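Data first, discussion second: the structure below is written as structure tokens.
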Protein chains: 2
Amino acid sequence: MKTNVARSDAYLRQKGIKASFQRVSIFDYLHNTTAHPSVSQIFSDLHPNIPSLSRATVYNTINLFVEKKIAIPVQVDGVEARYDLAEPQHAHFHCATCGTIYDIPVEMGHAPKSLEGFEIHEAQLHYKGLCPSCR
Amino acid sequence: MKTNVARSDAYLRQKGIKASFQRVSIFDYLHNTTAHPSVSQIFSDLHPNIPSLSRATVYNTINLFVEKKIAIPVQVDGVEARYDLAEPQHAHFHCATCGTIYDIPVEMGHAPKSLEGFEIHEAQLHYKGLCPSCR
DNA sequence: ATTCTTGCAAATCATTTGCACTTTA
DNA sequence: TAAAGTGCAAATGATTTGCAAGAAT
């Protein structure tokens, strides 16, 4: 996985976020994984390289990213939240056996007519079942 | 709200669940609300009528219901889970302002072709935004 | 009588917060 | 050097668990 700190740095600044080393590292990490990691996973993976890193900072950063619409929380029915970069609209498939979350491209249909009168900000489509390797 | 304890009782038994007073009460409660309550809400609402009720029992019962596919957790991006009876397929709309979760009837489309090879057990469609009263 | 359920309290786990210290613009 | 970010430890809140007492079959 090639990281591009300079680009991440610029991207964050453009989003109005001060680009600290920790933030760039976390952004870069999210950019280079398809694992939809939890805060714990992010922390565990980055901690060896950034020994001073604290969980609180990961939480701070992730919450900031979500606020700025850079990342979105992926709801799985476990306890801890998992995160994805806010990329083009796609669905998620959560494998009940291995826990992997797959990105599924979809053509997001029009909202159902029953939603007239509502102002939709976000839509999430979430599947659960068995992935090809686990079935 | 008319409750029908006898019917709830029979329904639970048919699902292979021993129909204790607490379980029937909780099932009945879920049956008579559209609020998609959290465990805390269920507890607070039932506790006055069932003073001995404990939170642990509500958790036990809800988890049992989810296991038996009688109820489903509705993922909102807050902290606590909220629950819905597993009724015919519908989407949820979560109002960012008032927190209400609306049931939205939808014609669940066919799964995207990118999901070939996956075995789908559940699909959830979740909207977030402003409801008619809050926009 | 045996088995399952309940209720309480303590334990756990994810997340947030307060505050002193450090970094950065 | 003022403002913002970080890290630690303690606090909070939701959920789970261990276990003794109670209810059901």
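Worth knowing before you read on, the calculation uses all heavy atoms, side chains too, and leaves out hydrogens, waters and symmetry mates. These numbers were taken from a predicted model, which means no experiment stands behind them.
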Within the structure shown, what part of the strands sits under 4.0 Å from B:S52 by heavy-atom distance: base, sugar-phosphate, or nothing?
sugar-phosphate
If every non-hydrogen atom of A:P48 is compared with every non-hydrogen atom of A:S44, which pair is closest and at what distance?
CD-O, 3.0 Å
Rounding to a whole Å, what distance do you find between B:R55:CZ and D:dG13:C1'?
11 Å
Nearest heavy atoms of A:R23 and A:K18, plus distance in Å
NH1-O, 2.9 Å
Between B:E80 (CD) and D:dT16 (P), how many Å, whole number?
13 Å
Which nucleotide of DNA chain C is the first, and which the last, in the 5' to 3' direction, to come under 4.0 Å of a heavy atom belonging to chain B?
C:dC4 to C:dC8
Quick check: on DNA chain C, is the nucleotide nearest A:N60 upstream (toward 5') of the one nearest A:S40, or the reverse? Name the residue that is more 5'.
A:S40
How long is the line joining OH of A:Y59 and C1' of D:dA11, in whole Å?
14 Å
Which one, D:dG7, D:dT16, D:dT15, comes nearest to the side chain of B:V39?
D:dT15
Whether A:F27 and A:F65 hold their rings parallel, tilted or perpendicular, with breakpoints at 30° and 60°
perpendicular
Should we count CZ of A:R7 as having more than 12 external heavy atoms under 6.0 Å?
no
Between P of D:dA14 and CD of B:Q41, the distance in whole Å
11 Å
Applying the side chain to side chain contact (heavy atoms under 4.5 Å, CB included) test to B:L30, which of B:I70, B:T61, B:D84, B:L85 qualifies?
B:L85
N/O contacts under 3.5 Å, protein versus nucleotides 1-5 of chain D?
from	atom 1	to	atom 2	distance (Å)
D:dA4	O4'	A:K18	NZ	3.3
D:dG5	OP1	A:R23	NH1	2.7
D:dG5	OP1	A:R23	NH2	3.0

Between B:F93 and B:Y127, how do the two ring planes meet: parallel, tilted or perpendicular, split at 30° and 60°?
parallel
Starting from P on D:dG22, measure out to CZ on B:F21 and report it in whole angstrom.
18 Å
Is the B:Y102 ring parallel, tilted or perpendicular to the A:F118 ring (thresholds 30°, 60°)?
perpendicular
Does one hydrophobic cluster hold both A:Y11 and A:I72, with members joined at side-chain heavy-atom distances below 4.5 Å?
no
Side chains of A:Q124 and B:L125 in contact at under 4.5 Å (non-hydrogen atoms)
no
Assign each of B:N63 and A:T61 to its nearest nucleotide of DNA chain D by heavy atoms, then name whichever residue's nucleotide is nearer the 5' end.
A:T61
